[in-house]
Amino acid sequence: MDDGVQDPLLQEENELLKRRLEKLQAWRQKGIAPYALRFDRTDSTARLHERFRDLPAGEDSGYRTSVAGRLMALRRHGKATFADIMDAEGRIQILATLDGLGDPRYEDFLMLDIGDFVGVNGVVFRSKRGELTVRVEQFSLLSKSLRPLPEKWHGLRDVELRLRRRYLDLLVNPETRERMLIRSRVVKELRRFLDERGFLEVETPMLHPIPGGAAAKPFKTYHNALGQELYLRIAPELYLKRCVVGGLEKVYELNRNFRNEGISYKHNPEFTMLEFYWAYADYNDLASFLEDMLSEVILKVKGELVFPYQGRELDFRPPWERVRLLEAVSEAVGTRLGPDTPMEDMVVLAERHGVSVEKGWGKGKVIAELFEKLVEPELWNPTLVMDYPKEVSPLAREHRDNPFLVERFELIAAGRELANAFSELIDPVDQRERFLEQLRMRERGDEEAHRLDHDFLLALEYGMPPTGGLGLGVDRLVMLLTDAHSIREVILFPHLRPEEV
RNA sequence: GCGCCCGUAGCUCAAUUUGGCAGAGCAGGGGACUCUUAAUCCCAAGGUUGAAGGUUCGAGUCCUUCCGGGCGCACCA
């Protein structure tokens with residue numbers, strides 16, 4: 001070991017690590033491979049608990065099982081040792097005794113550390129104290145653990161450690177595991193709902209030459225061979241619409257979007273969106289579809305539509321409340337607002353409510369800002385906010401009754417946006433004009449204004465059927481269903497700054 | 001990006017108010033113990049107090065800068 005190349009693990013001072021490395025060697029010296037290839041299990045821990053639920057205390061089942069898992073606790077009593085092993089579904093107690101294992105093997109058993117993976121064969125019984133237990137007749141070390149697990153009683157509390165070493169968080173904090181299971185079920189149920197209704201899941205590019213479909217700052221990257229700048233997508237919208245042009249009448253994509261913006265309890269740089277497009281439907285169809293979809297998914301996942309979130313009750317029972325954005329904002333400011341309201345009045349009103357109007361903003365933008373500032377945070381139970389200003393919705397179709405507005409709604413719950421939907425703008429001439437307007441906003445310095453996408457316009461020019469499209473923030477939905485305050489709690493590996501200095 | 005708060009043993013926390021020997025539980029080591037389950041009992045060990053600098057006879061504690069995190073605001077979904 002003094003020839004220059006040294007195992008960095010051995011360099012570490014930590015006493016606990018050293019001891020375990022020594023044990024690793026001791027296993028090898030005994031001729032036991034500390035990292036096994038495989039193990040035949042007959043049962044999971046949950047299956048055993050289920051099967052022997054009624055076995056009385058002190059009784060032997062006569063059933064010989066083989067289970068495997070991670071050693072989570074050790075209670076040594078001299079010539080008998082209790083231990084708990086944990087698998088994906090739960091834990092079970094095992095009992096190793098000198099009588100049962102014989103002299104050298106019992107000594108081996110005592111060499112196990114908490115954290116090691118073991119496979120165990122033996123008969124299932126219920127202990128005098130009523131704990132279902134496997135009496136160890138044979139065991140194998142399946143994988144040696146070299147580092148101590150977090151504290152058995154308090155678990156891992158430190159938020160930074162929980163996020164940086166999420167595997168430990170998952171191991172010792174059942175709430176974390178439960179959140180991730182719920183997330184998985186939500187995603188599965190969303191897909192199932194759409195699949196059952198004839199929607200086709202598609203995968204569109206993550207690398208976009210022109211980032212489009214949303215107002216957001218993109219991440220920039222570079223393709224070496226092509227010498228081309230590319231952007232991580234901020235939304236799949238424009239590609240999904242191309243699919244509809246191509247005759248895929250019902251499509252969806254459930255995957256990541258990337259936005260180069262601030263990180264907060266509601267924002268991660270990469271987040272999961274469901275977007276679907278439905279030919280021949282308008283935003284009214286989407287609103288009832290969304291009600292059906294979410295109430296079914298929530299019911300399947302949580303078993304109820306009324307549940308607590310951050311100490312308050314959330315009621316997702318349909319029909320959800322519907323308000324018109326103009327009316328909600330008008331009520332909030334105490335003055336009837338609309339396209340006829342003079343801009344000067346609107347500026348005064350906005351400033352009075354803490355919204356500073358920037359150059360280039362039109363009436364629609366001011367109203368949208370007022371909504372976000374005054375109304376959105378106050379909406380607790382799910383509310384469909386209908387009819388947004390055209391100015392802030394360059395991809396949505398003009399409202400059938402009001403040219404100042406578009407046929408767009410957002411679903412707001414717990415004071416935040418959950419979903420955004422509209423009757424899609426399918427008129428290529430109108431779309432081109434809207435893009436040009438966005439371009440003028442970009443030139444005035446609005447970094448988040450949409451960019452002109454000629455290829456997308458080309459697709460529209462071939463003809464796109466009337467279509468309704470909807471985007472749903474999956475992370476945010478999961479936050480509500482898992483009572484998570486922060487988006488980081490529902491993302492396995494949220495973005496953190498690098499640890500090393 | 002700005003403001004406030006936090007960082008002590010592998011983990012969970014004391015000691016910071018008012019500067020005066022850095023302590024416990026769990027985990028780990030040695031010993032006792034064949035139905036325990038946060039096992040119990042005895043013994044010993046474990047620290048660059050996030051990093052660097054400063055004030056002071058003396059700094060975990062006070063000051064400055066930096067790193068990381070949390071919360072709030074701003075931006076956004």
Side-chain angles (χ1 to χ4, degrees), chain A residues 12-20 22-23 57-58 72-84 91-101 106 113-115 125-133 135 145-165 168-169 171-173 213-217 234-235 257-275 354 356 358 369 372-373 376 410-412 416-420 446-448 471-477 479 485-488 494 496-501:
Chain A
E12 238 176 287
E13 288 299 308
N14 191 310
E15 182 64 27
L16 301 163
L17 188 63
K18 252 189 228 165
R19 294 231 178 247
R20 290 193 174 210
E22 284 163 14
K23 273 193 191 170
M72 296 303 286
L74 276 169
R75 293 177 291 281
R76 297 190 176 102
H77 298 260
K79 300 188 182 68
T81 296
F82 289 95
D84 299 333
R91 295 183 179 210
I92 196 159
Q93 175 168 273
I94 63 177
L95 170 62
T97 61
L98 181 59
D99 290 347
L101 279 172
Y106 185 68
D113 286 309
I114 289 174
F125 74 107
R126 194 173 290 280
S127 72
K128 285 176 192 164
R129 297 286 180 92
E131 187 71 33
L132 196 68
T133 307
R135 183 177 286 113
S145 164
L146 297 180
R147 290 182 188 272
L149 294 180
E151 219 248 8
K152 64 180 171 187
W153 190 244
H154 299 94
L156 194 62
R157 281 286 130 74
D158 186 273
V159 176
E160 188 176 352
L161 270 182
R162 284 185 46 235
L163 301 180
R164 288 194 194 279
R165 305 195 193 163
L168 295 178
D169 190 25
L171 268 180
V172 302
N173 293 326
K217 290 179 205 130
I234 53 176
N257 288 344
F258 307 87
R259 298 192 184 172
N260 206 342
E261 287 153 2
I263 296 173
S264 81
Y265 74 99
K266 327 188 236 194
H267 302 270
N268 197 59
E270 50 181 305
F271 63 102
T272 300
M273 258 315 249
L274 165 66
E275 279 199 23
S356 56
E358 291 171 24
E369 289 291 327
E372 281 178 28
K373 173 101 182 178
E376 189 172 289
E410 287 193 358
L411 171 64
I412 311 294
R416 64 196 71 169
E417 179 188 341
L418 265 194
N420 180 18
D446 183 350
E447 274 186 85
E448 294 183 358
L472 172 74
V474 174
D475 312 274
R476 289 188 176 179
L477 174 61
M479 285 168 72
H485 168 71
S486 166
I487 195 168
R488 287 182 318 251
L496 292 178
R497 284 191 171 85
E499 193 172 14
E500 296 304 312
V501 276

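Numbers restart at 1 for each chain; the letters A, B, ... are given by sequence-line order, proteins then strands.
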Using a cut-off of 4.0 Å on non-hydrogen atoms, how would the nucleic acid contact of [X] be classed: base, sugar-phosphate, or nothing?
X	answer
A:Gly262	base
A:Leu149	nothing
A:Asn268	base
A:Arg416	nothing
A:Arg259	base
A:Ala215	sugar-phosphate
A:Arg488	sugar-phosphate
A:Phe125	base
A:Arg165	nothing
A:Arg129	base
A:Gly58	nothing
A:Gln93	base
A:Asp158	sugar-phosphate

May I ask you to verify if any side-chain N or O of [X] is less than 4.0 angstrom from the OP1 or OP2 atom of [N]?
X	N	value
A:Arg126	B:C35	no
A:Arg75	B:U37	no
A:His77	B:C41	no
A:Arg147	B:G10	no
A:Lys23	B:G29	yes
A:Arg497	B:G69	yes
A:Lys152	B:A27	yes

Quiz prompt | Gap between atom NZ of A:Lys18 and atom CD of A:Glu22 - 0.5 Å precision | solution =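 The NZ atom of A:Lys18 is 8.0 Å from CD of A:Glu22, to the nearest 0.5 Å.
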
Let's see if you can work this out: which of [options] has an atom nearest to the side-chain heavy atoms of [X]?
X	options	answer
A:Ile487	B:A77, B:C75, B:C11	B:A77
A:Asp113	B:C71, B:U36, B:G29	B:G29
A:Thr133	B:U12, B:U36, B:G69	B:U36
A:Leu156	B:U12, B:G69, B:A38	B:U12
A:Leu161	B:C11, B:C71, B:C35	B:C11
A:Pro148	B:G10, B:U34, B:U36	B:G10
A:Val159	B:U12, B:G70, B:A77	B:G70
A:Glu261	B:A77, B:C11, B:G69	B:A77

Quiz item: Do A:Asp84 and B:U37 share a donor-acceptor pair, side chain to base, under 3.5 Å?
Solution: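 Such a pair does not exist between side chain and base.
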
Exercise. Ignoring hydrogens and angles, answer whether the base of B:U36 and the side-chain atoms of A:Glu131 contain a donor-acceptor pair closer than 3.5 Å.
Key: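 No pair found.
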
Whole-Å gap separating [atom2] ([N]) and [atom1] ([X]):
X	N	atom1	atom2	result
A:Glu160	B:C71	CD	C1'	15 Å
A:Tyr265	B:G72	OH	P	6 Å
A:Asn260	B:G1	CG	P	12 Å

Residue matched to [N] through Watson-Crick or wobble contacts both under 3.5 angstrom:
N	value
B:A27	none
B:G1	B:C73
B:G7	B:C67
B:U56	none
B:U34	none

Quiz prompt | A:Arg164, CZ: over 12 other non-hydrogen atoms inside 6.0 angstrom | solution =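 Yes, the 6.0 Å shell around CZ holds more than 12 heavy atoms from other groups.
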
Quiz item: Is it true that atom CD of A:Glu447 has more than 12 heavy atoms of other residues, nucleotides or ligands lying nearer than 6.0 Å?
Solution: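 Open.
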
Quiz item: Just wondering, do A:Phe271 and B:A77 stack (centres under 5.5 Å, planes under 30°)?
Solution: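 One would call A:Phe271 stacked on the B:A77 base.
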
Self-check item: Spacing of the P atoms in B:U56 and B:U61 (rounded, Å)
Solution: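 The answer is 16 Å between these two P atoms.
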
Exercise. Using the P atoms only, state how far B:U48 lies from B:G23, rounded to an integer number of Å.
Key: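 That atom pair is separated by 14 Å.
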
Self-check item: Which atom of A:Leu149 lies closest to which atom of A:Gly115, heavy atoms considered
Solution: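 Shortest heavy-atom contact: CD1-CA, 3.8 Å.
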
Quiz item: Taking all atoms of both residues into account, what is the closest heavy-atom pair of A:Leu472 and A:Ala419, and its distance?
Solution: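 Residues A:Leu472 and A:Ala419, closest heavy atoms: CD1-CB, 3.9 Å.
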
Quiz item: According to the interplanar angle, ranging from 0 to 90°, do the rings of A:His485 and A:Tyr265 count as parallel (below 30°), tilted (30 to 60°) or perpendicular (above 60°)?
Solution: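 Geometry flag for A:Tyr265 against A:His485: parallel rings.
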
Quiz item: Which residue, A:Glu270 or A:Ser486, contacts RNA chain B at a nucleotide closer to its 5' end, judged by nearest heavy atom?
Solution: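 Closer to the 5' end of RNA chain B: A:Ser486.
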
Practice problem: Could you pick out which residue, A:Leu163 or A:Gly78, lies toward the 5' side of RNA chain B when each is mapped onto its nearest nucleotide? | Solution: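 Residue closer to the 5' terminus by nearest nucleotide: A:Gly78.
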
Quiz item: Is any side-chain N of the basic residue among A:Glu369 and A:Lys373 closer than 4.0 Å to the acidic one's carboxylate O?
Solution: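 Not counted as a salt bridge, because no side-chain N and carboxylate O are separated by less than 4.0 Å.
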
Quiz prompt | A:Asp99/A:Lys79 ion pair, N-O < 4.0 Å | solution =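 Salt bridge absent between A:Asp99 and A:Lys79.
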
